[in-house]
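Hydrogens, waters and symmetry mates play no part in the numbers below; they use all other heavy atoms, side chains included. Only a predicted model underlies this, so the values are computations on that prediction, with no experimental measurement involved.
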Amino acid sequence: MSPKISVIMPVYNVQKFVKQAIESVLSQTFTDFELIIINDCATDNSLRICQKIIDPRIRIINHVENKGLAAARNTGIRHALGKYVAFIDSDDMWHTEKLQRHCTHLDENSKVGISFSRSSFMSYEGKTIDFYQMPQLTNIDAAHLLCRNPVGNGSAPVIRRETFDNIRFQAVYKYELYSCYFDEKFRQSEDIECWLRIVATTKWKMEGLPQPLTYYRLNHGGLSANLLKQLASWEQMINKARYFAPKLLKRHENIARAYQLRYLARQAIRMKDGKMAAKLATQALQTSPKILIDEMGRTISTVSAAYLQWILPAICYHWCESVGHKIIGLIQKYKIIRDGVSSAFL
């Protein structure tokens, strides 16, 4: 019999984290799954680590050349046998009840094509942080998705195979025709491009679970230049979306761009580049002041943090940031518990 869920894990140079990621899948309370590991030509010990973990539910597929995250996920989907398809990035982890809760959610809601969960942040070293991704969970239309991407990260969604079949398209690689679901032209923004195509062009709904079932790892630093590349890939996604959702873009493109700039400003803050953060936050407000009306608290906190980081000495800003994080963490915990989530998930 085929497994009910296919878990797809792309792997590329993550020797420090991949064992923990795999173990978090194998320790699920729901056991009727297969784990498909796509080795995207890792050059470190990642593949050897994967090969040492013996479990009949694991399959390892090797790419002959590095093709990127979208291509690795497509390879996994083409090999998947399950009714549902789950994704986990090889530096993240899952709560033990993740697959069980998503399976129940999809079983009980036949119109939901994408089920996702809230996520809990963890440090680069793997320590959980009292800080959560807190997206809207229901009534998600294409406009909301374009502006805010509630899925949040690549380890949060579990998706019906039927949903992917509805957006399948053919691509050619070295004269070979093959099925794609994620657009392999994208090396960034491939997630939001795929989710938007599903919600804007099919009947499937997207809904989230209130429990923080995904542990999302915050990486060290990074280069601010990468933020500009991320913005360029987002613009590439917008250009593509004009073809399949022109009315959506005509109404919401500008405010969506403002939200993206605000998101990148928050990334710059995390990278401790106050100057870049202030520039991006200012651009966001100039692009669409409406974000200040629609999400006043989040927008003001982002702009304030950006300018404080740029202006204040590092030690002063770090103190302000730690106090702010504690307050926000407490508020988020209260909201999660208010939604009926057991404190065992926190």
Side-chain angles (χ1 to χ4, degrees), residues 1-10 25 28 30-38 57 59 61 69-89 94 97-117 135-146 149-171 177-184 186 190-209 213-214 237 240-241 243-245 248:
M1 286 181 61
S2 298
K4 188 159 187 179
I5 302 179
S6 296
V7 180
I8 296 171
M9 180 188 293
V25 176
Q28 291 293 299
F30 182 90
T31 59
D32 186 15
F33 66 84
E34 61 176 346
L35 172 57
I36 305 172
I37 296 172
I38 312 299
R57 296 170 293 183
R59 282 193 282 157
I61 299 169
L69 185 58
R73 287 177 176 165
N74 283 338
T75 298
I77 297 169
R78 287 194 297 271
H79 286 82
L81 301 174
K83 179 180 179 180
Y84 305 140
V85 178
F87 297 100
I88 180 169
D89 292 341
W94 281 347
E97 293 185 24
K98 182 172 177 68
L99 290 183
Q100 180 62 68
R101 288 182 175 269
H102 284 289
C103 187
T104 301
H105 184 216
L106 290 167
D107 284 349
E108 294 178 352
N109 296 274
S110 61
K111 294 182 179 180
V112 173
I114 304 175
S115 174
F116 66 93
S117 69
Q136 182 172 313
L137 302 176
T138 58
N139 300 316
I140 299 167
D141 59 13
H144 182 84
L145 174 62
L146 179 66
N149 187 15
V151 179
N153 64 82
S155 300
V158 180
I159 301 171
R160 291 181 192 274
R161 177 56 189 261
E162 187 181 352
T163 302
F164 275 126
D165 290 342
N166 287 165
I167 60 159
R168 179 176 57 201
F169 62 96
Q170 298 296 303
L177 194 67
Y178 65 106
S179 294
C180 285
Y181 311 88
F182 292 89
D183 190 332
E184 296 180 10
F186 288 77
E190 69 285 327
D191 285 355
I192 179 65
E193 190 281 323
C194 185
W195 314 151
L196 185 62
R197 207 162 5 104
I198 291 171
V199 174
T201 67
T202 75
K203 63 183 176 66
W204 296 108
K205 291 183 178 181
M206 169 186 285
E207 283 189 2
L209 298 176
L213 301 172
T214 300
M237 180 271 296
K240 179 178 177 179
Y243 291 97
F244 64 79
L248 174 72

Kindly assign one of parallel, tilted or perpendicular to the pair Phe87 and Trp195, based on the angle between their ring planes and the thresholds 30° and 60°. tilted
Could you work out, with ring pair (Phe, Tyr, Trp, His ring centres under 6.0 Å) as the rule, every residue matching Tyr84, not counting sequence neighbours? none
Between Trp94 and Ser155, is there a donor-acceptor pair closer than 3.5 Å when you use the side chain of the first and the backbone of the second? yes
If I take atom CE from residue Met206 and atom OG from residue Ser115, how far apart are they, to the nearest 0.5 angstrom? 10.0 Å
Any salt bridge (charged side-chain N to carboxylate O under 4.0 Å, His left out) pairs touching residues 194-205, not counting sequence neighbours? Glu193-Arg197
Do the side chain of Glu34 and the main chain of Ala80 share a donor and acceptor less than 3.5 angstrom apart? no
What are the two closest heavy atoms between Ile198 and Ile167, and how far apart are they? CG1-CD1, 3.7 Å
For Phe30 and His102: C-alpha separation, side-chain torsions, deciding distance, then whether side-chain contact (heavy atoms from CB on, under 4.5 Å) applies. CA-CA 10 Å; Phe30 182 90; His102 284 289; over 6 Å; no
Is there a donor-acceptor contact under 3.5 Å from the side chain of Lys4 to the main chain of Thr31? no
Between Arg73 and Gly154 the two heavy atoms that sit nearest each other are NH2-CA, 3.6 Å
Going from CD1 on Ile192 to CE on Met237, what distance comes out if it is rounded to the nearest 0.5 angstrom? 5.5 Å
What's the verdict on side-chain contact (heavy atoms from CB on, under 4.5 Å) for Trp204 and Ile159, showing C-alpha distance, side-chain angles and the deciding distance? CA-CA 10 Å; Trp204 296 108; Ile159 301 171; over 6 Å; no
For Ser117 and Lys98: C-alpha separation, side-chain torsions, deciding distance, then whether side-chain contact (heavy atoms from CB on, under 4.5 Å) applies. CA-CA 8 Å; Ser117 69; Lys98 182 172 177 68; 3.2 Å; yes
How far does CG of Asp89 sit from CD1 of Ile8, to the nearest 0.5 angstrom? 11.5 Å
Identify the two heavy atoms, one from Ala86 and one from Ile5, that lie closest to each other, and give their separation to 0.1 Å. CB-CG2, 4.1 Å
Treating Gln28 as the side-chain partner and Leu99 as the backbone partner, does any N or O pair qualify as donor plus acceptor under 3.5 Å? yes
What heavy-atom pair brings His144 and Asp141 nearest, and what distance separates the two atoms? N-OD1, 2.8 Å
Six-ring centre of Phe169, Lys240 cation under 6.0 angstrom, axis tolerance 45°: yes
Output yes when a side-chain donor or acceptor of Asn74 lies under 3.5 Å from a complementary backbone atom of Phe182, and no otherwise. yes
Heavy atoms of Ala72 and Pro10 approach each other most closely as CB-CB, 3.7 Å
Beyond-backbone contact of Ser179 with Gln170, side-chain heavy atoms, under 4.5 angstrom: yes
Measure the CD-CG distance between Glu97 and Leu209 for me, rounded to the nearest 0.5 Å. 11.5 Å
On a heavy-atom basis, which atom in Ser2 and which in Asp32 lie closest, and how many Å separate them? O-OD1, 4.4 Å
Checking side-chain contact (heavy atoms from CB on, under 4.5 Å) for the pair Ile140/Val199: CA distance, chi angles, key distance, verdict? CA-CA 9 Å; Ile140 299 167; Val199 174; 5.8 Å; no
Between Arg161 (side chain) and Gly82 (backbone), is there a donor-acceptor pair under 3.5 Å? no
Once you round to the nearest 0.5 Å, how far does CZ of Arg78 lie from CD1 of Ile36? 11.5 Å
Just so I know, are the side chains of Asp191 and Val151 near enough to count as touching, which here means a heavy-atom distance under 4.5 Å? no
